[in-house]
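Data first, discussion second: the structure below is written as structure tokens.
All values below were derived from every heavy atom in this structure, side-chain atoms included, with hydrogens, water molecules and symmetry-related copies excluded. We count ligands from 1, going down the list as the structure has it; atoms in each ligand are counted the same way.
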Amino acid sequence: MSKVFSPGRALPVADVPQWDIVTDVAIVGFGAAGSCAAIEARNAGATVDIFELASAPGGSASWSGGEVYVGGSGGTAIQREHGFEDKTEDLHNYLMMSGGPAADKKKVGLYSEHAADHYTWLEAQGVPFKGTYLPGKWIEPPTDDTLIWSGNEKAWPFSAHSKPAPRGHTVQFKGWGGGKLFMEKLCEQAVKLGVNAHYDARALCLITDTEGAVKGLVVRVAGKELFVQAHKGVILSAGGFIGNPEMLERYAPQALDSDPITGGNDNGSGIRMGISVGATTLNMQEFFVTIPFFPPDSLVKGIFINERSQRFINEDTYHGRVGRHVIQQPNGRAWLLVDNDIFGRPLIQPDMNIAAVGETWEEIEEELELEPGSLVATIAEFNRHAAEGKDPYFHKSEEWLRPFQTPPFAAISYCQDDIKTHAFTLGGLATQPTGEVLNADGQVIAGLYAAGRTACGLPRWGEGYSSGMSLGDSTFFGRQAGLSAASITNG
Ligand SMILES: Cc1cc2nc3c(=O)[nH]c(=O)nc-3n(C[C@H](O)[C@H](O)[C@H](O)COP(=O)(O)OP(=O)(O)OC[C@H]3O[C@@H](n4cnc5c(N)ncnc54)[C@H](O)[C@@H]3O)c2cc1C
């Protein structure tokens, strides 16, 4: 009877019948982290075999906007060219806040020091950046410009602790979806350097010795199980687990309400393989969520309220942060209030339910069945301060502040059943900045590395995520994992 292999169970080396492939570094997943790990390991002189379960490389990253979050060191060439100084300390402070209560100081430190160089490195691998700046508030640039404000930089509380600078660096590609080009360049480079790429190759489980050190993995290629020996180490870069409902139910049940943001294979197999050899996980409950908010950016001038008629967020903050707060409101009920001057239908979901329309706020209050007087009081308070360019409770910046003045007024429903949300996971294996995977005692598991969404990296808190942080983290820490694995003398 043939053996059943599972990512949740490692195979003892004694049970390996033969080694079908022998390499220095074996990598699971040819996406953002895997491609960069492969390039660096190969450049460091290691033989590299990369196993990708899809028929082509690229992973979720090839569906992405191709935007990386970088800066610091005074600014990348493009930041400086457009007059933005970006001190390492500011990037550092921003990333520490973005990581939330469990931010990883060591990873943030390393990334902040080298993020500007990483941008240059990406260019050197062939990723094209046009070098032009697009002002305004964007999710991805609709043009082929390559520098945008992509996160919370100008919004409170981030702006109070870190001098704002635009840090979203997007591959030169007109419209959304530049990730395809971004990944084509990185994957081409890996193959050009002599990385052995195996497609339709699913990693099934890790192989360990009696000491618990990782010695290789089992992969299935064309229906056949192959045993791969990795002298220097195995790098898990198989993405996150947004596509695995059982794992979501266990770790991040709230994300089950959202459609997955994925290229299709974020099924948690990398994380499960890590757990199978004693790795610990971090922040598994965290995810990035999008809601259909702006564009049009006039909607940012509206205010969100919950069923108690209370505001709960400065609406000019990053849409993922707004989204995270919206879905946390009591009974999943929230509305965006607008007047006639700023009304618009969210581009992403134009058929949004308009829950109430009225000539007065009393009418809106009644239609939404809110406590009599509660909404009217909230609006009066907001209008009074907004007229002076102030928002003492939530610190929305003056740029987006204006009192409501032109009826009809409307409430766009962001109640849970009325909106389509999308999410990807931010929790994963605990790793060192080198990519070495840690067990529950904080000890390194010999021979095992992880990067990208298989690991818990820089982006690890839904309230703090900014566009570009996942690709920035995956590519940068993929490189570290590749370098570290290649430098091991005898695994
Ligand atoms: C539409 C969209 C837009 C996005 N835009 C951005 C953006 O602009 N900026 C940003 O920072 N992030 C963005 N993201 C998120 C970002 O793309 C991912 O978080 C990022 O790709 C994670 O990199 P990774 O290397 O961990 O995973 P991936 O790039 O997904 O690579 C993982 C690879 O592992 C493979 N794999 C999985 N399991 C196995 C297995 N058992 N055996 C072999 N192979 C396996 C997968 O097929 C995949 O190719 C976006 C995502 C989407 C879907």
Side-chain angles (χ1 to χ4, degrees), residues 5-7 26-38 49-70 138-141 148 150-151 167-171 173 176-180 182-183 186-187 197-206 217-221 228 234-244 259-273 287-288 290 320 348 422-426 428-429 450-459 465-479 481:
F5 298 101
S6 158
I27 302 178
V28 179
F30 202 176
S35 58
C36 293
D49 283 72
I50 191 161
F51 301 93
E52 168 54 52
L53 79 78
S55 305
S60 292
S62 65
W63 295 84
S64 77
E67 185 179 329
V68 285
Y69 198 87
V70 286
W138 304 102
I139 292 176
E140 285 179 32
I148 60 166
S150 74
R167 302 196 182 99
H169 291 63
T170 306
V171 62
F173 181 85
W176 289 24
K180 190 166 182 310
F182 184 86
M183 287 311 300
L186 292 175
C187 296
H198 308 260
Y199 302 109
D200 298 309
R202 181 186 294 271
L204 299 175
C205 70
L206 294 172
L217 44 88
V218 184
V219 296
R220 184 183 294 130
V221 187
V228 180
V234 172
I235 300 176
L236 300 172
S237 49
F241 63 98
I242 195 65
N244 183 327
D259 287 339
I261 301 176
T262 173
N265 293 325
D266 287 274
N267 55 25
S269 60
I271 296 174
R272 290 177 64 206
M273 282 187 243
F287 57 94
F288 158 68
T290 66
I348 294 165
H422 295 83
F424 66 79
T425 55
L426 298 176
L429 302 176
R453 298 290 57 78
T454 300
C456 184
L458 291 178
Y465 187 77
S466 301
S467 285
M469 278 181 66
S470 187
L471 285 188
D473 166 88
S474 302
T475 53
F476 180 81
F477 287 103
R479 289 177 62 197

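Between the side chain of S55 and the main chain of D200, no donor-acceptor pair closer than 3.5 Å is present. Distance alone, capped at 3.5 Å, places no donor-acceptor pair between the S269 side chain and the P7 backbone. Under a 3.5 Å cut-off, the side chain of E52 and the backbone N or O of A197 do not form any donor-acceptor pair. Between the side chain of T425 and the backbone N or O of F287 there is no donor-acceptor pair closer than 3.5 Å. Judged purely by atom type and a 3.5 angstrom limit, T454 has no side-chain atom pairing as donor or acceptor with the backbone of A450.
Assignment of F182 to the shell around ligand 1 is not supported, since no heavy atom sits closer than 4.0 Å. In this structure, S467 falls outside the shell of residues with a heavy atom less than 4.0 angstrom from ligand 1.
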>> For L458 and Y69: C-alpha separation, side-chain torsions, deciding distance, then whether side chain to side chain contact (heavy atoms under 4.5 Å, CB included) applies.
In response: CA-CA 11 Å; L458 291 178; Y69 198 87; over 6 Å; no
>> Would L186 and C36 count as a side chain to side chain contact (heavy atoms under 4.5 Å, CB included) here? Give the steps.
In response: CA-CA 7 Å; L186 292 175; C36 293; 3.9 Å; yes
> Would S60 and D266 count as a side chain to side chain donor-acceptor pair (under 3.5 Å) if you check the C-alpha gap in whole Å, the side-chain angles of each, and the deciding distance to 0.1 Å?
Replying inline: CA-CA 8 Å; S60 292; D266 287 274; 2.7 Å; yes
>> Let's go through R453 and D473 carefully: what are the C-alpha distance in whole Å and the side-chain angles of both, what is the deciding distance for salt bridge (Lys or Arg N to Asp or Glu O under 4.0 Å) to 0.1 Å, and is it a yes or a no?
In response: CA-CA 9 Å; R453 298 290 57 78; D473 166 88; 2.8 Å; yes
> Going through the checks in order, is the side chain to side chain contact (heavy atoms under 4.5 Å, CB included) test met by F51 and V219?
Replying inline: CA-CA 8 Å; F51 301 93; V219 296; 3.8 Å; yes
> Can F182 and S64 be said to form a side chain to side chain contact (heavy atoms under 4.5 Å, CB included), step by step?
Replying inline: CA-CA 9 Å; F182 184 86; S64 77; 5.6 Å; no
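Under a cut-off of 6.0 angstrom, the local environment of CH2 in W63 is sparse, with at most 12 non-hydrogen atoms contributed by other residues, nucleotides or ligands.
Distances between N or O atoms of A61 and those of ligand 1 include at least one value under 3.5 Å. Not one N or O of M273 is nearer than 3.5 Å to an N or O of ligand 1, by distance alone. Considering both main-chain and side-chain atoms, G263 never comes within under 3.5 Å of ligand 1 through any nitrogen or oxygen pair. In terms of polar-atom proximity, defined here as any N/O pair under 3.5 Å, S60 does make such a contact with ligand 1. At least one N or O atom of E52, backbone or side chain, sits closer than 3.5 Å to an N or O atom of ligand 1.
Close approach of ligand 1 to G468 is summarised as follows: ligand atoms under 4.0 Å from at least one heavy atom of the residue are 9 (N), 10 (C), 11 (O). Residue contact check: S269 has heavy atoms under 4.0 Å from atoms 38 (N), 39 (C), 40 (C), 41 (N) of ligand 1. Those atoms of ligand 1 with a heavy atom of G66 less than 4.0 angstrom away are 8 (O). Close approach of ligand 1 to A33 (heavy-atom distance below 4.0 Å) involves ligand atoms 25 (O). If you number the atoms of ligand 1 from 1 as listed, the ones under 4.0 Å from a heavy atom of R453 come out as 19 (O), 22 (C), 26 (O). Remark: ligand 1 atoms within the under-4.0 Å shell around heavy atoms of S474 are 22 (C), 23 (O). Annotation for ligand 1: atoms under 4.0 Å from non-hydrogen atoms of I261 are 2 (C), 51 (C), 52 (C), 53 (C). Per-residue contacts place T262 under 4.0 angstrom from the following atoms of ligand 1 (heavy atoms of the residue considered): 53 (C).
Contacts with ligand 1 closer than 4.0 Å are made by no heavy atom of M183, backbone or side chain. Only the backbone of A201 comes within contact range of ligand 1, with a heavy atom under 4.0 Å; no side-chain atom does.
Using the six-membered ring where Trp is involved, F288 and Y465 have ring planes that are tilted, between 30° and 60° apart.
Checked by atom type, the side-chain pair E67/S150 shows a donor-acceptor distance below 3.5 Å.
Of all protein heavy atoms, the one closest to atom 31 (O) of ligand 1 is G31 CA, 3.2 Å. For atom 11 (O) of ligand 1, the closest non-hydrogen atom of the protein is L471 N, 2.6 Å. Remark: minimum distance from atom 37 (C) of ligand 1 to any protein heavy atom is reached at A238 O, 3.3 Å.
Nearest to atom 15 (C) of ligand 1 by heavy-atom distance, out of Y465, F424, W63, is F424. Between atom 29 (O) of ligand 1 and the options A32, A56, G452, the minimum heavy-atom separation is to A32. The residue from G59, S237, A450 that puts a heavy atom closest to atom 32 (C) of ligand 1 is S237. Summarising the contacts of atom 43 (C) of ligand 1 with D266, L53, L217, the nearest heavy atom is found in L53. Here atom 18 (C) of ligand 1 lies nearest to S470 when heavy atoms of S62, G472, S470 are compared. Relative to atom 50 (C) of ligand 1, the option among S35, S64, P459 with the closest non-hydrogen atom is S64.
Counting all heavy atoms, side chain and backbone alike, L206 lies closest to L236 at CD2-CD2, 4.3 Å.
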